[in-house]
Amino acid sequence: MYSIVEFISQPWHWSISGAIIVFVMFLLLWFGGEFGVSSNLRTFCAIGGAGNKHDFFKIDWRKQIWNLVFIGGAIIGGFIATTWFANPEPVQISAETQSYLSSVGIETPQTIEEGTGYVPTEIFAPENALSAVNLLIMILGGLLIGFGARWAGGCTSGHAISGLSNLQLPSLIAVIGFFIGGLLMTWVILPQILALN
Amino acid sequence: MKLIKFLFAGILFGIVMTKSEAVSWFRIQEMFRFESFHMYGIIGTAVILGAILFAIIKKVKGKNINGDQIPFNDKNMSIPRYLFGGTIFGLGWAMTGACPGPMFTLLGHGTWTILLVIISAVAGTYLYGAFRSKLPH
């Protein structure tokens, strides 16, 4: 018998996924919020007292608690999806990408015993994460994300989805920037860094 | 409990980020290598449906749960801000394979090492705040 849990547990088609993301965005607007995840990083700084040193963080973070609750929900959602609705197969990545990744030392899991295919164990597994190269990837990568998202005034949720949906030219410029940076990292810089591992 | 509804929206977001595989580092590599339509399908569907949703809300002057009209603010025009900021963000996105939403979702997967990325992203945000006046906007 084909159960509802099995039905939900298979990977979701991109069209269903896109539609549900829009539903989440609608819920946030309806509830009196907006869809922008990286703003929370500024809120963290404000809670930590950064407003005493830099005016950019002089915000009433209590008005942003709803967004912190939202990302708290995202953590719980990640837990639920991998605990009760786990995909019985790893993420199915295209053969071209798999063969390229293999050439730079990253193996794509072929069976669920080898991994889920969400993050590469070569970088993120606790026993590998502390190598100099992997620390560089995680720490420098995080710094770039935080710095760039605030400079651009938003990340994938705020610009690529909310901003483009609102037909904002600035968001289109930001998304073009996301791709300039993403392509440069993927094709030029990351292969060099991974070769050091 | 005014906040519980945001928790519900967040849970749905974490589930869809996982089940859509948008949290996958491998999917982000595949996207930037143009070797699969998957991520473009997700973002493209979201933008098309989102544009329709926003147009309807504007047309009917939709109100939120508090009875206020849902605001749609135009962003201030600038090229350097969005282009340079966006490029730096893109470098980090492709480097870690995670943008801010997926970072938190991965924490729920039990991928504890993503905390390093999250803490660094908070530090990056702080650095932006510190150097903001010296950057073109």
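The sequence lines fix the lettering, A, B, ..., with proteins before strands; numbering per chain opens at 1.
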**Item:** Heavy-atom closest contact (B:Leu3 atom, A:Ile65 atom, distance)
**Value:** CD1-CG2, 3.8 Å
**Asked** Is there side-chain contact between B:Tyr128 and A:Phe56, with heavy atoms separated by less than 4.5 Å?
**Response** yes
**Asked** Aromatic rings B:Phe6 and A:Trp66: how do their planes relate, parallel, tilted or perpendicular, breaks at 30° and 60°?
**Response** tilted
**4.5 Å side-chain heavy-atom contact, B:Phe13 and A:Phe35** = yes
**Fill in**
Okay, A:Leu172 and chain B: the region with an atom under 4.5 Å from a heavy atom over there is neither
**Asked** Which of these, A:Leu101, A:Thr186, A:Leu183, sits in a side-chain contact (heavy atoms from CB on, under 4.5 Å) with B:Arg33?
**Response** A:Thr186
**Message:** Between B:Phe89 and A:His159, is the ring centroid distance below 6.0 Å?
**Reply:** no
**Asked** Any idea which heavy atoms bring A:Ile145 and B:Trp93 closest together, and the distance?
**Response** CG1-N, 3.8 Å
**Prompt:** Looking at A:Pro120, A:Pro126, A:Ser9, A:Gly141, which makes the most heavy-atom pairs under 4.5 Å with chain B?
**Reply:** A:Pro120
**Request:** Check whether more than 12 heavy atoms from other residues, nucleotides or ligands sit under 6.0 Å from atom CG of A:Leu136, and answer yes or no.
**Result:** yes
**Prompt:** A:Leu140 versus chain B, heavy atoms under 4.5 Å apart: side chain, backbone, both or neither?
**Reply:** both
**Residue A:Ser157 versus chain B: region with a heavy atom under 4.5 Å** = neither
**Minimal non-hydrogen separation, A:Gly117 against B:Phe26, with atom names** = O-CD1, 3.2 Å
**Nearest-0.5 Å distance that lies between atom CD1 in A:Ile76 and atom CG in B:Leu107** = 11.5 Å
**Interchain contact, A:Leu190 with chain B, by part (heavy-atom threshold 4.5 Å)** = side chain
**Prompt:** Tell me, side chain or backbone of B:Asp68 under 4.5 Å from chain A's heavy atoms, or both, or neither?
**Reply:** neither
**Asked** Between B:Glu35 and A:Thr97, does any side-chain donor sit less than 3.5 Å from a side-chain acceptor?
**Response** yes
**Request:** For residues B:Lys19 and A:Ala81, report the shortest heavy-atom separation together with the two atoms involved.
**Result:** CD-CB, 4.2 Å
**Complete:** If one checks every heavy atom of A:Ile139 against chain B at 4.5 Å, the contacting part turns out to be both
**Request:** Name the option with the most non-hydrogen atom pairs under 4.5 Å to chain B; the candidates are A:Cys155, A:Ala129, A:Gly153, A:Ser38.
**Result:** A:Cys155
**Message:** Can you tell me which portion of A:Leu68 sits under 4.5 Å from chain B's heavy atoms? Options are side chain, backbone, both or neither.
**Reply:** neither
**Request:** Can you establish whether the number of heavy atoms outside A:Lys53 located under 6.0 Å from its atom NZ is more than 12?
**Result:** no
**Item:** Test log, rule side chain to side chain contact (heavy atoms under 4.5 Å, CB included), inputs B:Phe8 and A:Val24
**Value:** CA-CA 10 Å; B:Phe8 166 74; A:Val24 170; over 6 Å; no
**Request:** For the residue pair B:Asn64 and A:Leu29, establish whether any side-chain heavy-atom pair is separated by less than 4.5 Å.
**Result:** no
**Asked** Is B:Met103 close to A:Ile71 at the side-chain level, that is, under 4.5 Å between some pair of heavy atoms?
**Response** no
**Request:** Check B:Met77 against A:Ile173 and note the closest heavy-atom contact, atom names and distance.
**Result:** CE-CD1, 3.2 Å
**Request:** Could you walk me through whether B:Leu83 and A:Ile180 pass side chain to side chain contact (heavy atoms under 4.5 Å, CB included), step by step?
**Result:** CA-CA 9 Å; B:Leu83 195 61; A:Ile180 294 173; 4.0 Å; yes
**Prompt:** Taking A:Thr108, A:Thr116, A:Leu28 one by one, which has the highest count of heavy-atom pairs under 4.5 Å against chain B?
**Reply:** A:Thr108
**Six-ring centre of A:Trp151, B:Arg81 cation under 6.0 angstrom, axis tolerance 45°** = no
**Asked** Which bit of B:Ser78 comes within less than 4.5 Å of chain A, counting heavy atoms only: side chain, backbone, both or neither?
**Response** backbone
**Complete:** Those residues of residues 83-91 of chain A that come under 4.5 Å of chain B on a heavy-atom basis, listed by number, are A:Phe85, A:Ala86, A:Asn87, A:Val91
**Asked** Got a sec, which pairs hit side-chain hydrogen bond (donor to acceptor under 3.5 Å, both in side chains) with one end in residues 14-33 of chain A, sequence neighbours left out?
**Response** A:His13-A:Ser15
**Request:** Could you check if a side-chain atom of A:Phe124 sits within less than 4.5 angstrom of a side-chain atom of B:Leu106, using non-hydrogen atoms only?
**Result:** no
**Complete:** Turns out that what part of A:Ile106 lies under 4.5 Å from chain B's heavy atoms comes down to side chain
**Item:** side chain to side chain contact (heavy atoms under 4.5 Å, CB included) between B:Phe54 and A:Leu167, intermediate numbers included
**Value:** CA-CA 9 Å; B:Phe54 282 16; A:Leu167 312 178; over 6 Å; no
**Request:** Heavy atoms only: give me the nearest A:Ser171-B:Lys75 pair and the separation to one decimal.
**Result:** OG-CE, 3.2 Å
**Asked** Is it the backbone or the side chain of A:Glu96 that comes under 4.5 Å from a heavy atom of chain B, or both, or neither?
**Response** both
**Message:** Measuring from atom CD1 of B:Ile114 to atom CD1 of A:Ile75, what distance do you get when rounded to the nearest 0.5 angstrom?
**Reply:** 11.5 Å
**Request:** Name the region of B:Lys63, side chain, backbone, both or neither, that has any atom closer than 4.5 Å to a heavy atom of chain A.
**Result:** backbone
**Request:** Could you have a look at A:Tyr118, A:Phe79, A:Trp187 and say which one has the most heavy-atom pairs with chain B under 4.5 angstrom?
**Result:** A:Tyr118
**Prompt:** Relative to chain B, which segment of A:Glu34 carries a heavy atom at a distance below 4.5 Å: side chain, backbone, both, or neither?
**Reply:** neither
**Item:** Which atoms of A:Phe178 approach chain B - backbone, side chain, both or neither, heavy atom under 4.5 Å
**Value:** both
**Prompt:** Below 4.5 Å, heavy atoms only, C-beta onward: do B:Gln29 and A:Tyr100 meet side chain to side chain?
**Reply:** yes
**Asked** Of the backbone (N, CA, C, O) and the side chain (C-beta and beyond), which part of A:Phe57 lies under 4.5 Å from a heavy atom of chain B, both, or neither?
**Response** side chain
**Request:** Output the distance between atom CG (A:Asn166) and atom CG (B:Asp74), rounded to the nearest 0.5 Å.
**Result:** 6.5 Å
**Message:** Do A:Gln168 and B:Tyr82 have side chains that approach each other closer than 4.5 Å (heavy atoms only, starting at C-beta)?
**Reply:** no
**Item:** CE on A:Met185 to CG on B:Leu91, rounded to 0.5 Å
**Value:** 4.5 Å
**Asked** Aromatic rings A:Phe179 and B:Phe32: how do their planes relate, parallel, tilted or perpendicular, breaks at 30° and 60°?
**Response** perpendicular
**A:Ile123 vs B:Trp25 side-chain heavy atoms within contact, under 4.5 Å** = yes
**Asked** Can you tell which of A:Gly77, A:Gly146, A:Ser165, A:Gly142 has the highest number of heavy-atom pairs within less than 4.5 Å of chain B?
**Response** A:Ser165
